[in-house]
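All values derive from a computational prediction rather than experimental measurement. By convention in this document, chain letters (A, B, ...) are assigned in the order of the sequence lines, proteins followed by strands, and residues within each chain are numbered from 1.
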Number of protein chains: 2
Amino acid sequence: MPRGARAHVLELLRHRIITLQIPPGAPLSENELAAQLGVSRTPVRESVILLAEQGLVSVVPQVGTYVAPLRLSDIASAQFVREALEVASLAEALDKVGDQDVADLRALVAAQRNAAPDAFFPLDEEFHLRLLSISGHASAWRAVSHAKAHLDRARHLSLPLPRQVDVLVDQHEAVVDALAQGRAEEATDALRTHLRKVFDDVAVVRQQHPDYFVDDPA
Amino acid sequence: MPRGARAHVLELLRHRIITLQIPPGAPLSENELAAQLGVSRTPVRESVILLAEQGLVSVVPQVGTYVAPLRLSDIASAQFVREALEVASLAEALDKVGDQDVADLRALVAAQRNAAPDAFFPLDEEFHLRLLSISGHASAWRAVSHAKAHLDRARHLSLPLPRQVDVLVDQHEAVVDALAQGRAEEATDALRTHLRKVFDDVAVVRQQHPDYFVDDPA
DNA sequence: GTCAGTCGGCTACCATACAAGTATGTCCCG
DNA sequence: CGGGACATACTTGTATGGTAGCCGACTGAC
């Protein structure tokens, strides 16, 4: 089997979980996945362990592993982490941003406007990674990405709506405008508003699929 | 072999790496570790994979696994993540803090004053976790902890000095005082100062053991 | 009908065996 | 003496086997 089976399996599982192709609460059998993907149990198991570390699956010894259900407390926690990191980065970026950075960001926003809904996801990721890079903290992307995974999963069903994407692109543009003009408070406020839109999206998804959610443990 | 070998091995390796019992750059053989710890390669390997995900070790396929060297860029990145999260949490905590919280924090600070240098580490962790809990974002501890691991490792050699510990406890007290009195700016500034002390400690360690460090990739 | 006991099948966990690639030390040749 | 090819001893990656424990369905007694 190919030499990088684990990376392949991990990426595939992660994608399927985030896009809700595998719904929250669904059981994951190591044997079944191994057979289905044409690899042995080892790379599958190692991928599952990594996904568990990231909180995307929950493994119960001797019982089974399940895709983590959507918990509002987890979503709030992930949002806190992401917002703290991106806002702190943006505050530093205000002093360091250059013309080339602004041009790159505007090009990304333009691409997002013309992109099909399916192509929006990677462009969105690149936009936020770019924001981190300006302040020189691109290496914090891993932490942001881990948090973002939970948020993207929780709102994934609401994204295909073209209207939603338009709103997001407008918010991106507002951040870039304020950043380019050096308006600190306006920029961070715009970013906060943008990031917190996830709560609205989650509320929509929650109505469509209440079975994906579980109540927070008291 | 004991049930839960992976958790045991992972905790042990992590501790040895953070405390520099295993120095940066040292090779880690899965076979050797398995024999030394009396378990098979499987739990060792799974632990190594998790440590690699956290950036504490670097595994080169078909060549070897090495404890990650100390990179100043990694340390700066970890510091950025930790500072952003803890400061954001503290800002929210100012509106939510109760008398019981302050009492608990003061008790922790008192315990830190009377603690032997070796016992300081867990008390320090509990203090910072407590700060997160006040704002209701205790679940962000995992992200903080991952970042903190790199910082603690980089300054571990400077901590046994009793004088250093006294300074840290004083800084803890300053944060608690400002938090109890509701002085927002003073509290966050005190926390920032406290967290950034790591750079001084790292400079000391760097002089003692320049071989543990590598230059940043240009 | 109801409940206790048991048995079968499933799970993840740990151990082991095999495969494939890399670095190194050695030997031979120029 | 210097350099290159090769054998060997490692490394991690993958595949497979065996074990302990949990869950559920079935059975039998009350």
Side-chain angles (χ1 to χ4, degrees), chain A residues 1-17 21-69 142 211 214 217, chain B residues 1-17 21-69 142 211 214 217:
Chain A
M1 279 305 128
R3 211 58 187 167
R6 179 173 80 238
H8 182 70
V9 171
L10 175 61
E11 209 55 38
L12 187 136
L13 280 181
R14 190 180 149 90
H15 183 262
R16 285 191 184 174
I17 291 175
Q21 289 175 31
I22 309 177
L28 287 185
S29 165
E30 289 180 5
N31 277 317
E32 190 179 339
L33 282 174
Q36 182 178 341
L37 301 178
V39 298
S40 96
R41 284 162 21 216
T42 303
V44 173
R45 172 175 170 77
E46 293 170 349
S47 297
V48 166
I49 291 175
L50 285 171
L51 291 172
E53 157 71 23
Q54 300 176 19
L56 288 177
V57 305
S58 166
V59 32
V60 184
Q62 323 305 343
V63 175
T65 70
Y66 306 89
V67 176
R142 287 195 79 83
D211 52 312
V214 298
Chain B
M1 281 305 126
R3 213 71 180 166
R6 179 173 80 238
H8 183 69
V9 172
L10 174 62
E11 210 54 39
L12 187 135
L13 280 181
R14 191 179 147 89
H15 182 262
R16 286 191 183 174
I17 291 175
Q21 289 174 31
I22 308 178
L28 288 184
S29 166
E30 291 179 3
N31 273 319
E32 190 180 340
L33 282 174
Q36 182 177 341
L37 301 178
V39 297
S40 110
R41 258 189 65 200
T42 304
V44 173
R45 171 173 173 75
E46 292 168 351
S47 297
V48 166
I49 291 175
L50 286 172
L51 291 172
E53 158 72 24
Q54 300 176 19
L56 289 176
V57 305
S58 166
V59 31
V60 184
Q62 322 305 345
V63 175
T65 304
Y66 306 90
V67 175
R142 288 195 80 82
D211 53 310
V214 297

Below the 4.0 Å mark, does [N] have OP1 or OP2 next to a side-chain nitrogen or oxygen of [X]?
X	N	answer
A/S29	C/dT11	yes
A/T65	C/dA12	yes
B/R45	D/dT12	no

Please list every stem that involves DNA chain D, where a stem is a run of 3 or more consecutive Watson-Crick or G-U wobble pairs with both pairing distances under 3.5 Å.
C:1-30 with D:1-30

Gap between atom CG of A/L33 and atom CZ of A/R45 - 0.5 Å precision
13.5 Å

In Å, rounded to the nearest 0.5 Å, how long is the span from CD of B/E30 to OG1 of B/T42?
9.5 Å

In whole angstroms, how far is the [atom2] atom of [N] from the [atom1] atom of [X]?
X	N	atom1	atom2	value
B/R41	D/dT16	CZ	P	16 Å
A/L33	C/dT11	CG	P	11 Å
B/E46	D/dT12	CD	P	15 Å
A/L37	D/dA15	CG	C1'	15 Å
A/N31	C/dC13	CG	C1'	13 Å
A/Q62	C/dC14	CD	C1'	10 Å
B/E30	C/dC14	CD	P	15 Å

Mind checking B/V59 for me? I need base, sugar-phosphate or nothing, with any heavy atom below 4.0 Å counting as a touch.
sugar-phosphate

Using a heavy-atom cut-off of 4.0 Å across all strands, would you classify A/I49 as base, sugar-phosphate, or nothing?
nothing

Start with the C-alpha gap between B/V67 and B/L56, add the side-chain angles, then the distance that decides, and say whether side-chain contact (heavy atoms from CB on, under 4.5 Å) holds.
CA-CA 6 Å; B/V67 175; B/L56 289 176; over 6 Å; no

Is any side-chain heavy atom of [Y] closer than 4.5 Å to one of [X]?
X	Y	answer
B/R16	B/L12	yes
B/L51	B/I17	yes
A/V60	A/T65	no

Worked check of side-chain contact (heavy atoms from CB on, under 4.5 Å) between B/V44 and B/L28
CA-CA 10 Å; B/V44 173; B/L28 288 184; over 6 Å; no

Would you mind telling me which of [options] lies closest to the side-chain atoms of [X]?
X	options	answer
B/S40	D/dG13, C/dT16, D/dA15	C/dT16
A/R6	D/dT14, D/dA20, C/dC14	D/dT14
B/T42	C/dT16, C/dT11, D/dT12	C/dT16
B/V39	C/dA23, C/dA15, D/dG13	C/dA15

